[in-house]
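This chain uses plain numbering: 1 for the first residue, then up along the sequence. FYI, side chains are in, hydrogens and waters are out, and symmetry mates aren't considered; it's all heavy atoms of this structure.
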Amino acid sequence: MRILLLCSEFEGLIKTGGLADACKGIASSLQAAGHQVTVMLPRYSNLYSRPTAQWQSVFVKLGGVEYGCAVRQLKFAGIDVRLVEHDDFFHRERPYDDGSYGYADNPLRFAFFCKVALEWCRQYMPDVELVHGHDWQTAVAAAYLKQHYAADPVLGKVPYIFTVHNGAYQLTCDKSWFGKLDLAAGDDHFLNMLEQGVRYASKVSTVSKGYRDELLSEPAANGLATLYQKRAADFVGILNGCDYQQWDPATDLALVQNYQQADLTGKAACKAYLRHRFNLPESAVPLFVAVSRITGQKGFDYLIPALRRWLPTTAAQVFMVGTGELQYCRQLYQLQDDYPAQFRFFEGFDETLAHQTEAAGDFFLMPSLFEPCGLNQLYSLKYGTVPLVRLTGGLRDTVTPWPAAQATGIGFTEVSIEALLAALEQAEQLYQQGNEYKRVQQRGMQQNFSWQAAVSEYLELYQQALK
């Protein structure tokens with residue numbers, strides 16, 4: 001099958017979150033399954049240093065204004081990547097915002113990206129069979145296919161698959177943007193970019209079955225529940241996979257000592273290394289870790305108060321790494337000042353440190369308000385770091401809470417300080433039962449959430465769309 005994949009992030013090239021990992025995982029696995037995949041994304045400023053091969057020029061018109069650009073070819077990890085180069089739109093310090101606010105022209109930037117992708121495809125990839133777009137940045141491509149290319153000999157019968165990775169990110173703007181972007185307005189009072197993808201795509205997917213069910217009602221759907229319900233027959237949940245070539249403690253080059261399920265000696269060395277590096281006292285107490293965006297979605301509004309109540313009552317230690325909202329980061333630094341023998345916060349993102357943190361922990365903290373899929377719990381299971389999660393979305397699909405017979409983690413449902421405190425205390429109880437903790441840990445390490453399984457489901461969805 002000849003597939004064009006539209007995305008705004010791709011792991012190894014540009015990444016702000018799990019979207020990048022998912023897009024690379026899908027592309028790599030489709031290609032490994034024998035399909036021809038071309039990935040298209042904007043040429044952000046950090047990609048100008050990468051040498052490119054051939055290029056084509058593409059011209060499109062939006063709102064009566066003609067724009068031109070170059071589409072440059074890049075071979076990355078064996079995948080054919082095409083970069084949409086337009087200095088005014090994409091040669092900026094950050095992909096989506098200035099650090100505080102989203103760029104005011106984001107609707108135009110990403111509508112331009114979508115229109116260029118389709119026009120390039122029409123001219124230079126006439127054998128395309130299917131287009132697969134990811135998140136709001138690619139959503140209006142579904143509308144353009146229906147509204148602009150319905151009679152086109154190349155694109156007229158090409159189905160568009162649209163995957164919602166996080167339904168909270170929608171990009172809404174005033175009604176005037178319909179005209180500026182050449183989109184049919186209908187009775188809408190404002191333009192919602194994500195909604196355009198859900199409305200016009202041939203098939204819609206999201207990144208777990210649990211999150212798919214949640215999107216059928218409010219408040220999870222963020223105002224789009226009625227539309228998701230209307231598309232229910234064409235709307236599926238396909239769990240993201242884990243790239244075990246990158247995330248395997250037996251082969252991970254970031255670790256000070258590798259380990260595997262049959263021999264966890266190296267895991268103890270990883271924990272000792274992390275404690276030494278960040279000046280946490282060596283101890284027999286459990287180490288709770290987190291690698292996270294520091295945002296409200298990840299539960300920090302109640303995680304921080306829970307830690308403030310819990311740390312004085314326990315000898316356990318906590319290490320967190322991540323970047324995000326200043327209000328939460330300040331509170332995490334204050335926790336570090338108040339509990340220097342128990343708590344450390346590293347502000348920043350470092351891929352090597354993320355791997356080291358996963359390997360060092362006894363428990364992984366993930367009390368998300370919502371989690372479409374989640375990847376860190378999948379990494380944690382593989383690394384023998386028992387996930388402590390709120391049972392929502394993909395977390396509910398991938399973690400079986402103790403004391404169930406097939407438990408792989410600790411789970412709770414209520415969004416409250418008390419519920420999280422109870423889960424933390426339950427984790428300590430499990431840790432004290434050494435053999436039982438090891439059984440839960442070992443069961444987690446046996447789990448397999450490969451991309452091959454996910455891609456099989458995507459291919460089934462593709463075939464349905466092609467029919």
Side-chain angles (χ1 to χ4, degrees), residues 242 244 246-261 263-294 298 300 303-304 306-307 310-311 314-324 328-329 331-367 374-389 409-410 424 427-428 430-432 434 437-438 440-442 444-445:
C242 178
Y244 290 118
Q246 290 193 46
W247 292 95
D248 184 344
T251 57
D252 193 336
L253 296 177
L255 307 189
V256 293
Q257 187 173 331
N258 294 113
Y259 62 93
Q260 54 192 330
Q261 186 181 342
D263 182 1
L264 296 175
T265 306
K267 185 169 178 64
C270 291
K271 181 160 63 170
Y273 169 79
L274 193 78
R275 279 174 162 156
H276 175 75
R277 178 178 171 184
F278 291 97
N279 297 312
L280 277 170
E282 183 61 38
S283 172
V285 301
L287 176 63
F288 291 73
V289 300
V291 180
S292 176
R293 285 184 291 113
I294 313 298
K298 298 299 182 179
F300 281 89
L303 172 59
I304 293 173
L307 290 174
W310 179 59
L311 286 170
T314 181
Q317 298 171 332
V318 181
F319 176 77
M320 291 187 175
V321 56
T323 61
Y328 301 122
C329 292
Q331 294 177 65
L332 293 173
Y333 280 122
Q334 189 61 53
L335 279 175
Q336 181 171 274
D337 290 342
D338 294 343
Y339 302 98
Q342 291 176 272
F343 188 87
R344 288 290 182 278
F345 171 52
F346 178 90
E347 185 177 7
F349 182 76
D350 180 301
E351 189 72 33
T352 297
L353 180 58
H355 285 245
Q356 292 171 348
T357 302
E358 284 284 4
D362 297 302
F363 294 94
F364 192 96
L365 294 171
M366 211 165 173
L375 290 172
N376 279 103
Q377 85 278 14
L378 304 184
Y379 306 154
S380 299
L381 289 167
K382 185 66 175 177
Y383 280 61
T385 303
V386 176
L388 186 160
V389 305
I410 300 290
L424 289 166
E428 287 191 282
L430 175 61
Y431 192 75
Q432 289 163 7
Y437 171 82
K438 188 170 183 180
V440 173
Q441 180 190 51
Q442 292 279 311
M445 295 183 79

Checklist entry - Do T385 side-chain atoms and G361 backbone N/O form a donor-acceptor pair below 3.5 Å? => result yes
Checklist entry - Hey, what do you get for CG (L335) to CG (L311), rounding to the nearest 0.5 Å? => result 6.5 Å
Item to check | Polar side-chain atom of E347 near backbone of C329 as donor-acceptor pair, under 3.5 Å | outcome: no
Checklist entry - Under 3.5 Å, side chain of R344 to main-chain N/O of F319, donor-acceptor pair present? => result no
Checklist entry - Relative to each other, are the rings of Y333 and F345 parallel, tilted or perpendicular (30° and 60° limits)? => result perpendicular
Checklist entry - So T314 and E428, side chain to side chain donor-acceptor pair (under 3.5 Å) or not? Walk me through it. => result CA-CA 9 Å; T314 181; E428 287 191 282; 2.5 Å; yes
Item to check | Test salt bridge (Lys or Arg N to Asp or Glu O under 4.0 Å) applied to D362 and K267, R275, K271, K438, the passing residue | outcome: K271
Item to check | F363 side chain near P286 side chain, heavy-atom distance below 4.5 Å | outcome: yes
Checklist entry - When you look at R277 and Q356, which way does the side chain to side chain donor-acceptor pair (under 3.5 Å) test go after all the steps? => result CA-CA 11 Å; R277 178 178 171 184; Q356 292 171 348; 3.2 Å; yes
Next on the checklist: Any non-hydrogen side-chain atom of V289 less than 4.5 Å from a side-chain atom of V321?
Outcome noted: no
Checklist entry - What orientation do F300 and Y328 show, parallel under 30°, tilted 30 to 60°, or perpendicular over 60°? => result tilted
Next on the checklist: Looking only at the aromatic ring of each residue, does the gap between the centers of W310 and Y339 stay below 6.0 angstrom?
Outcome noted: no
Checklist entry - Would a distance-only check, ignoring hydrogens and angles, find a side-chain to backbone donor-acceptor pair under 3.5 Å from S380 to F364? => result no
Next on the checklist: For the NZ atom of K298 and the CG atom of L303, what is their distance to the nearest 0.5 Å?
Outcome noted: 12.5 Å
Checklist entry - Quick one: are T352 and L253 in side-chain contact, heavy atoms under 4.5 Å? => result no
Next on the checklist: If you apply the rule side chain to side chain donor-acceptor pair (under 3.5 Å), what do you find for S283 with Q317, and how did you get there?
Outcome noted: CA-CA 9 Å; S283 172; Q317 298 171 332; 5.1 Å; no
Checklist entry - Does the side chain of Y259 reach to within under 4.5 Å of the side chain of T265, using non-hydrogen atoms? => result no
Item to check | Residue pair D248, Y383: steps toward the side chain to side chain donor-acceptor pair (under 3.5 Å) verdict | outcome: CA-CA 7 Å; D248 184 344; Y383 280 61; over 6 Å; no
Checklist entry - Knowing that exactly one of H355, K382, Q246 qualifies, which makes a side chain to side chain donor-acceptor pair (under 3.5 Å) with D252? => result H355
Next on the checklist: Applying ring-ring contact (aromatic ring centres under 6.0 Å, His included) to F343 and F288, what does each step give before you reach the verdict?
Outcome noted: CA-CA 10 Å; F343 188 87; F288 291 73; over 10 Å; no
